[in-house]
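What follows is a single structure, written as structure tokens, with notes after it.
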Protein chains: 2
Amino acid sequence: MVTADSNKQATPERFVNAINAHQLTEAMKAAVELEVFTAIAEGNGTAAMIATRCQCAERGVRTLCDFLSIHAFLTKEGTEYALAPDSALFLNRHSPAYMGTATEFLLAPHLREGHARLTEAVRRGGSALGETVLEPENPYWVKFAQAMMPLMRMPAEVMAAELRKGGEAHKVLDIAASHGMFGIFAAKQNPAAHVYAADWKNVLEVAGKNAEAMGVADRYHLLPGSAFETDFGSGYDLVLIPNFLHHFDLPTCTTFMRSMHAALEPGGRAAIAEFVPNPDRVTPPTAAAFSMMMLATTPAGDAYTFAELESILKSAGFARVELAPTEIGLDRLVIAYR
Amino acid sequence: MVTADSNKQATPERFVNAINAHQLTEAMKAAVELEVFTAIAEGNGTAAMIATRCQCAERGVRTLCDFLSIHAFLTKEGTEYALAPDSALFLNRHSPAYMGTATEFLLAPHLREGHARLTEAVRRGGSALGETVLEPENPYWVKFAQAMMPLMRMPAEVMAAELRKGGEAHKVLDIAASHGMFGIFAAKQNPAAHVYAADWKNVLEVAGKNAEAMGVADRYHLLPGSAFETDFGSGYDLVLIPNFLHHFDLPTCTTFMRSMHAALEPGGRAAIAEFVPNPDRVTPPTAAAFSMMMLATTPAGDAYTFAELESILKSAGFARVELAPTEIGLDRLVIAYR
């Protein structure tokens with residue numbers, strides 16, 4: 001993200017580059033689809049070598065790799081390209097942390113359309129797409145579960161470890177479990193824990209398979225249905241609510257957190273992972289910018305400040321709310337105590 | 001454009017932000033369409049006031065303005081937004097330098113489609129759209145002439161002044177005249193100059209109207225047709241070739257510049273305004289990135305280095321080639337002497 005240099009003469013350069021920002025989206029998408037980062041990781045350094053490996057025209061590869069170098073995803077020395085450290089870690093298909101699949105969700109036609117109709121969204125104060133993202137069993141969330149799993153694995157592991165500092169949980173509810181990572185890591189790190197995963201039925205098929213693959217299926221239970229209508233039972237000592245509240249408006253969040261309060265046993269914790277902007281709503285940039293994703297794609301969702309989350313949680317009956325010091329990927333972790 | 005900080009732990013933040021870069025495109029487009037910058041210039045500082053002025057929902061405006069603040073097109077103090085200096089100059093409809101119309105060309109569906117099909121363009125080494133951009137009388141260039149005029153006015157004035165340092169030109173040929181600004185300013189600055197504007201017939205209607213509005217119609221002559229087929233005549237002492245060569249491959253540029261050499265009288269100059277990347281092809285960022293625009297939207301165009309332009313011009317018979325020190329907007333000015 002760009003900072004203005006007020007000593008510099010005004011030129012339309014920043015404006016033109018901002019209008020053309022979609023070029024970076026398309027360049028990253030093309031590079032992932034064509035496996036350009038992987039080709040370079042395999043030792044193909046020049047445009048000619050990458051073109052051969054990726055079955056592309058050398059001219060196309062040269063322009064794409066120059067563009068990625070301008071944006072610091074590659075480096076260039078003479079005619080040799082190399083991977084920037086984060087590209088090597090996240091964009092090389094052979095890396096265990098590969099997350100190129102995230103493009104398939106982040107650039108799903110539905111999300112793109114919501115953004116393409118942003119003028120309309122600003123006029124009405126909510127996504128031009130209406131309620132569709134939140135419809136029952138929308139296959140969109142199956143795609144999310146599949147495509148975003150690599151991006152969420154590490155944060156889920158960090159969050160499980162952070163929560164164990166406050167004591168071992170034995171009955172864990174995982175709301176909007178999706179790929180299941182958050183609950184699965186809670187189960188993996190504590191062999192006594194049983195995890196109850198809640199999500200749409202079609203999405204839980206993904207979570208269930210992942211629980212099996214990661215060896216916790218015998219302590220992994222499925223609760224299919226709407227998070228607002230399912231009877232979750234009670235007696236939980238930990239409820240995980242990762243990246244869920246931002247889809248809804250404040251009253252809906254409060255109603256929902258009341259049901260979570262009821263499901264927890266006394267002393268139990270609700271662990272909320274969210275993009276949490278500062279009170280100014282413009283820092284830190286990535287968390288603050290997430291508000292735009294919600295405006296473009298949900299009827300009334302938002303990136304909530306800590307004060308807003310605290311207000312939701314207090315209204316829902318929680319005794320105490322704290323912001324954990326550890327970052328959970330791009331999220332922060334808010335812990336509410338019953 | 002982002003720089004990697006190698007001391008920082010690798011996170012997927014840059015990758016996720018790059019995939020989401022299209023949000024900035026849509027935010028700028030929406031803000032221009034809704035006249036958000038203009039509303040703020042008129043004294044509407046809060047989201048509520050801007051929402052009333054722009055007939056939008058306050059929530060939509062707040063998220064949009066926060067997003068524009070994150071990207072430094074606005075500033076935010078408490079709940080008050082203000083314009084960054086370049087936004088005040090270029091994006092307020094009441095400013096004489098307003099260039100919000102540029103979005104209509106830069107985000108024309110055709111250009112968007114070329115970028116959306118970038119994977120295909122990299123594979124084939126040229127736009128997935130084929131030749132369409134270069135087809136005769138494509139209305140796309142009428143849109144360009146209308147939408148880009150505000151962006152080109154100042155550079156055209158600077159270029160005309162720079163060229164007068166090398167002597168007054170009396171018979172000026174303006175290639176791909178478009179909005180006509182480059183030739184019109186040559187005529188305005190030298191009352192003895194006659195300008196011959198070459199472009200498609202439909203585009204020259206725009207240039208002709210502008211020449212009339214700017215008081216030089218009596219010395220403004222139209223040469224409709226393809227730049228590769230029109231008989232331009234001879235005896236020119238100056239040929240203007242602004243932002244034209246980048247649409248074509250090197251052999252085509254060389255052939256074309258031979259015809260320009262023939263049209264010039266001895267001692268005459270060809271003045272080429274172009275994005276000129278350094279030999280590394282990755283700096284300066286905006287000029288170097290223009291290669292991507294050409295890959296996505298033309299069959300074989302490119303942003304040429306000075307060495308490449310010099311080679312074209314020497315092959316076409318020019319005696320001497322120099323890079324002028326003055327920047328012409330985002331372009332550089334290359335002058336070739338017959």
Side-chain angles (χ1 to χ4, degrees), chain A residues 1-4 6 10 12-15 17-28 30 33-34 56-57 59-61 63-64 66-67 69-72 76 84-86 89-91 99 103 106-107 115-116 118-119 121-125 151 280-282 285-286 288-289 291-292 295 330, chain B residues 1-4 6 10 12-15 17-28 30 33-34 56-57 59-61 63-64 66-67 69-72 76 84-86 89-91 99 103 106-107 115-116 118-119 121-125 151 280-282 285-286 288-289 291-292 295 330:
Chain A
M1 309 201 178
V2 191
T3 22
S6 54
E13 186 167 7
R14 291 202 320 128
F15 168 54
N17 284 338
I19 292 292
N20 287 335
H22 67 103
Q23 292 187 310
L24 180 54
T25 298
E26 308 300 356
M28 292 299 281
E33 284 178 358
L34 295 167
C56 289
R59 171 176 181 261
V61 168
T63 294
L64 178 61
D66 284 346
F67 192 83
S69 301
I70 293 166
H71 287 275
K76 186 179 185 187
D86 51 354
L89 187 58
F90 298 121
L91 301 176
M99 49 185 64
T103 55
L106 290 170
L107 299 177
H115 286 97
L118 185 62
T119 299
V122 175
R123 279 212 185 93
R124 64 199 273 179
L151 203 67
D280 62 16
R281 293 188 186 281
V282 294
T286 299
S291 179
M292 176 56 78
L295 174 64
L330 306 178
Chain B
M1 308 196 179
V2 190
T3 22
S6 53
E13 186 167 8
R14 291 203 319 130
F15 168 54
N17 284 338
I19 292 292
N20 287 334
H22 66 102
Q23 293 187 309
L24 180 54
T25 298
E26 308 301 355
M28 293 298 282
E33 284 177 359
L34 296 166
C56 289
R59 171 176 181 261
V61 168
T63 294
L64 178 61
D66 284 345
F67 192 84
S69 301
I70 293 166
H71 288 275
K76 187 181 184 186
D86 50 355
L89 186 59
F90 298 121
L91 300 176
M99 48 183 66
T103 56
L106 290 170
L107 299 177
H115 286 98
L118 184 61
T119 298
V122 175
R123 278 213 186 93
R124 64 198 273 180
L151 202 66
D280 62 16
R281 292 189 186 281
V282 295
T286 299
S291 180
M292 176 58 78
L295 174 65
L330 305 178

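Below, read A as the first sequence line, B as the second, and so on, with proteins coming before strands; counting in each chain starts at 1.
Annotation: the span from H22(B) atom NE2 to L24(A) atom CG amounts to 10.5 Å, rounded to 0.5 Å. Remark: T63(B) OG1 to L118(A) CG distance equals 9.5 Å, nearest 0.5 Å. F15(A) CZ to L89(B) CG: the interatomic distance, rounded to the nearest 0.5 Å, is 11.5 Å. For the atom pair OG1 of T286(A) and CG of N17(B), the computed distance is 3.5 Å after rounding to the nearest 0.5 Å. With values rounded to the nearest 0.5 angstrom, T103(A) atom OG1 is found 11.0 Å from N20(B) atom CG. The CD atom of E33(B) lies 3.5 Å from the OG1 atom of T119(A); values are rounded to the nearest 0.5 Å.
At a 4.5 Å heavy-atom cutoff, the contact between R124(A) and chain B is made by backbone atoms alone. Contact of L151(A) with chain B is made through the side chain alone, with heavy-atom distances under 4.5 Å. For L295(A), the parts lying under 4.5 angstrom from a heavy atom of chain B are both the backbone and the side chain. Only the backbone of D280(B) comes within contact range of chain A, with at least one heavy atom under 4.5 Å from a heavy atom of that chain. With a 4.5 Å cut-off on non-hydrogen atoms, L330(B) touches chain A through its side chain but not through its backbone.
Contact annotation: the side chain of L34(A) approaches that of R123(B) to within less than 4.5 Å [non-hydrogen atoms, C-beta and beyond]. Considering only heavy atoms from C-beta on, M292(B) stays 4.5 Å or farther from E26(A) through its side chain.
Put simply, of S69(A), A18(A), S291(A), G125(A), the one with the most heavy-atom pairs under 4.5 Å next to chain B is A18(A). Chosen from K76(A), M28(A), Q23(A), the residue pairing most often with chain B at heavy-atom distances under 4.5 Å is Q23(A).
Taking every heavy atom of both residues into account, A84(B) and R14(A) meet most closely at CB-NH2, 4.2 Å. The minimum heavy-atom distance linking V61(A) with V122(B) is given by the pair N-CG1, 3.8 Å. When all heavy atoms of I70(B) and R281(A) are compared, the pair lying nearest together is CD1-O, 4.5 Å. In terms of heavy-atom proximity, F67(A) sits nearest to A289(B) at CE1-CB, 3.8 Å.
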